Each structure stands twice: as structure tokens, then as C-alpha cells.
There are 2 protein chains.
Amino acid sequence: MSSRQITRGMRTGGRSARVREAILAATFDELLDHGYAGLRVDAVAARAGVNKTTVYRRWPTLEDLLVDALTTWSHDVPVPDTGNIETDLLAIGRELRDLLNGGVGRQVAALVLTAGLRKAELREATRRYFAHQVTRAVPTVNGAIDRGELPPDVDVEALLTSVRAPLFYRMVTTGDPIDDALVEHTVQVTLASARAGLLSTV
Amino acid sequence: MSSRQITRGMRTGGRSARVREAILAATFDELLDHGYAGLRVDAVAARAGVNKTTVYRRWPTLEDLLVDALTTWSHDVPVPDTGNIETDLLAIGRELRDLLNGGVGRQVAALVLTAGLRKAELREATRRYFAHQVTRAVPTVNGAIDRGELPPDVDVEALLTSVRAPLFYRMVTTGDPIDDALVEHTVQVTLASARAGLLSTV
DNA sequence: ATGCTATCGCAACTTCATGTTGCTTAAGAC
DNA sequence: GTCTTAAGCAACATGAAGTTGCGATAGCAT
């Protein structure tokens, strides 16, 4: 995601860095405690032990702050490549399951899901985020193709959509925690579809 | 969805009904023009030619007003039952496609998608809405089972998830309009999965 | 038709959060 | 050590949410 933090002639080390970290961490914690709708700039500043103006001077809008905080948070765990595509897809599904079941995940999802819908400027950030999810799965899928587990013309995006979309859908429609049965189920459907050539590029 | 409008000893006809309709219509139009984030009670009242207090007296919170407005709006088009499950599923997919591609659909989706996440009280409303979508597709699916087009133990919820989830996912991840190719694609995947017994109840 | 009562209009008000500005103070780069 | 940048502080302005009291009016009943 793209940050719009002000960086012109900025000092990088020492206090600036500490303050920056403190604010991002505070944003994260406030998000956990009060949710997206209950997020207050004052509260974030207070929690970070910082003045409100400091927050405003660094991040023009709340959305910018959030994008930064969440980007910092979502460190990239590499996609597994175990030599078995079923195992790999299960790992991808379970990673998302854990994210969406967690307290933060819910809030983050609520934010991300609608970011692009609410503000046109955020659509590009959202798009890049999901595009990156596709990109980081490419090596794993290529491995599976090399081993003959998947057809050579399989579409990585369609494959990932097939695994991930039902999990999002479950969270949104029922609000229930995503159980492992759903993950295993979507992976089975995905593999069957892919092998039937239904997830191949046109 | 459940309304929490005040009804004790209420007058039903005449002015009350007119005012109610005017406010709901105004809410809808404001949602179109300014989006969910830009929705202002004052603006709704002004557009309805009504005072702000009138709105507050009828609907305790903005969420309640929205639930009412959107429920009124989504009149139930019956699910087609053409005697061919592929045609029926395509119709279901295209109905959702048109909804999500439309200006209102985007805003409604942004609201509905996160309603349950943002406020616990709204989760039940969301759950009922999606449960109803499943219910109204049951006769169509049963018809397909009777004709031998689908296995007898097919799970309607899983079937609908398979058709609908990728469309939501597309809207959220890229923001691009949903094209007919995607609808046809998801229907093919769904049918193949169902016939392979992957969408059957356990 | 005439009165009763729910409902609406109106205006003033409180509360709360956003976002801004001018000035002062402290940290850190050199 | 000095000089620049960033942060602290306090006072604003703005805007929307939500409330209250009272007077006006429309519809329902008899």
C-alpha cells in the first residue's frame, strides 16, 4: 500500500523514528480496542504519548495513517512451497483464516474491504495489496506446474480467488469464525477446478 | 433485515406514510450522490423536505434508517426457474453482477459488507439477509435435483457461495466492473464442483 | 364539523471530534 | 556549540450529531 506521509527533508533517526513507531503502534492498539468506527485521533495521540498536532503534521488524513499502520503490521510471511500444491494451498487458506478470525483481522478487513469503495484514492492501494498477494504466490504455483500437479496454463489469480473468496464471503455473510472444514473444502474445489482446466487463462 | 423504527401507537396512513417514504427515498438518493461516508442526516432531512428532528424521532440511529431504506429498496425479484440449472445460475450471477456494478450497489455493498463487522447488533440483520438469499434459491435448486442436473445432496448455501463469492471478491480487490466472463466462469466452476460432489452436504 | 392527539416544524442548545494556527521548547545533525 | 527541524501547547474555527421545549398542524374519531 502507498503511504502519503510527509517526508521532505525529514529526519530519519532518533526521536522522529521513535515518535513514528509510537504513533503507528498506538493506532494499531486503538484499532483493536475501539474498532475502525471508534478510532479517534486524540486517543491515538494520547496513547502514543504525543500531541495531536504531531499526528496531523505527519499524516494528512486518518486513512493515510491507517494505511501506514497496517502496512507496517502486515510483514510478509513467505508463501510456503512444500513440494505439494495441496499442502501449499491449505497453508495459504489457513493463513487467511487466522487473519480473518483474529480481532485485528476483522477490523482490518472491514477497512480494506471498503477502502476502495469509499475513496477512489484508496482503490489503487487496495488493488496493489491484492495484486501483491497474487505475485507472492507465483513461485509456489510455478513449482506445482513443474511437478505436473497443475496444468501449465493455470491462472494464478483465478486460483487464489477460488481459495480466498469463500473465506471472505463467510466472514461477511454470517460473521462466524472460519473453521478448518471450510478451508479444506475450498482447497478441494480449487484443485478439482484447476485440474479440470476451469482456472486456466483464456 | 430488522427495522428498529418506533411504532408504538403510530399513525399509519396519510402524512406519516408520506413523510416516511420521502425520508427513505431521500436517504437512498443521498447515498447515491455522496456515498455512505458522506451521508448527513441534515442533508437527508433537507432533501426529504422535512426537519432533522423528524428523522431522529423515527430512527434512533443512522444505521436503523439505512437498514430500512435498503430493505425497502431491495424488493424481491424471484429467482428464475427455467428448467435448466445453468441458465438459472447465470441469471443469479448476472443479477448480482448488475447490483454490484451499479452506483447504488457499490455503496450498499460497502455498507452491508462491513455492517456486521462494525456493529454487533447489525450482524444479525446481515446474517438474515444472506440467509434469505439462500432460501429463495431453494426451489430452483430442488427443481434441478428433480431433473437430475445436480446431485440430490447438494448444499444450497455452498452452491450459492460458489457463484457469488468470486463476484464480491472481484469488486473488493480490483474495483473493476464485473464482466460477464467472470459470471460465466464462476457458474462453470460451480456446476463442475457440484456434479463432482464437492458442494454436497456432509 | 369539531375536538383530540400524534406528529411535525422550528430554533436554540450541548457535545464531540476534526483540523488549523502561532508560538514556544527541545532534540539531534553538523 | 549552533542551528534547524520537529514536537509541545493552547487557542481557535468548523461541522455534524443528537437533544429539548414549545408551538403549529394534520389526520382520526365521534
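Order of the sequence lines fixes the chain letters, A, B, ..., with proteins taken first and strands second; residue numbering starts at 1 for each chain. Values in this document were obtained by computation on a predicted structure and should not be read as measured data. FYI, side chains are in, hydrogens and waters are out, and symmetry mates aren't considered; it's all heavy atoms of this structure.
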>> Using the side chain to side chain donor-acceptor pair (under 3.5 Å) criterion, which residues pair with B:D42? Sequence neighbours excluded.
In response: none
>> What is the separation between atom CG on A:N51 and atom P on C:dT18, rounded to the nearest whole Å?
In response: 14 Å
> For B:L39 and D:dG15, what is the distance between atoms CG and P respectively, to the nearest whole Å?
Replying inline: 18 Å
Side-chain donor-acceptor pairs of residues 155-166 of chain A under 3.5 Å, sequence neighbours excluded:
{"unit_1": "A:D155", "atom_1": "OD1", "unit_2": "A:E157", "atom_2": "N", "d": "3.2"}
{"unit_1": "A:T161", "atom_1": "OG1", "unit_2": "A:E157", "atom_2": "O", "d": "2.8"}
{"unit_1": "A:S162", "atom_1": "OG", "unit_2": "A:T190", "atom_2": "OG1", "d": "2.8"}
{"unit_1": "A:R164", "atom_1": "NE", "unit_2": "B:Y169", "atom_2": "OH", "d": "2.9"}

> Could you give the angle between the helix axes at the two ends of the helix from C:dA1-D:dT30 to C:dC30-D:dG1, with five pairs per end, rounded to 10 degrees?
Replying inline: 30°
> Who pairs with B:R94 by side-chain contact (heavy atoms from CB on, under 4.5 Å), at least two apart in sequence or on another chain?
Replying inline: B:L90, B:R97, B:D180, B:V183, B:E184
> Who are the side-chain contact (heavy atoms from CB on, under 4.5 Å) partners of B:R136, not counting sequence neighbours?
Replying inline: B:D76, B:V79, B:E95, B:H132, B:Q133
> Quick one: are A:L24 and A:W59 in side-chain contact, heavy atoms under 4.5 Å?
Replying inline: yes
> Looking only at side-chain N and O atoms, does B:R58 come under 4.0 Å of OP1 or OP2 in C:dC8?
Replying inline: yes
>> Using whole Å, what does the distance between atom P of nucleotide D:dA17 and atom CZ of A:R40 come to?
In response: 13 Å
> Heavy atoms under 4.0 Å, any strand shown: does B:G38 hit a base, just sugar-phosphate, or nothing?
Replying inline: nothing
Only distances under 3.5 Å count here; give the side-chain donor-acceptor pairs of residues 195-202 of chain B to other protein atoms, sequence neighbours excluded, each with its distance to 0.1 Å.
{"unit_1": "B:R195", "atom_1": "NE", "unit_2": "B:E149", "atom_2": "O", "d": "3.2"}
{"unit_1": "B:S200", "atom_1": "OG", "unit_2": "B:D153", "atom_2": "OD1", "d": "3.0"}
{"unit_1": "B:T201", "atom_1": "OG1", "unit_2": "B:D153", "atom_2": "O", "d": "3.2"}

> So do B:F168 and A:V172 actually touch side chain to side chain, heavy atoms under 4.5 Å?
Replying inline: no
>> Output the rounded distance in Å from CZ (A:R20) to P (D:dA6).
In response: 14 Å
> Can a side chain N or O of A:R18 be found less than 4.0 Å away from OP1 or OP2 on C:dG28?
Replying inline: yes
>> If the condition is side chain to side chain donor-acceptor pair (under 3.5 Å), which residues does B:R170 pass it with, not counting sequence neighbours?
In response: none
> Rounded to the Å, how far apart are B:D42 CG and D:dA17 C1'?
Replying inline: 8 Å
> With A:E86, which residues qualify under side chain to side chain donor-acceptor pair (under 3.5 Å), at least two apart?
Replying inline: A:Q188
What N/O pairs connect the protein and nucleotides 19-22 of chain C at under 3.5 Å? Give each pair on its own line.
{"unit_1": "C:dG19", "atom_1": "N7", "unit_2": "A:K52", "atom_2": "NZ", "d": "3.3"}
{"unit_1": "C:dG19", "atom_1": "O6", "unit_2": "A:K52", "atom_2": "NZ", "d": "2.8"}

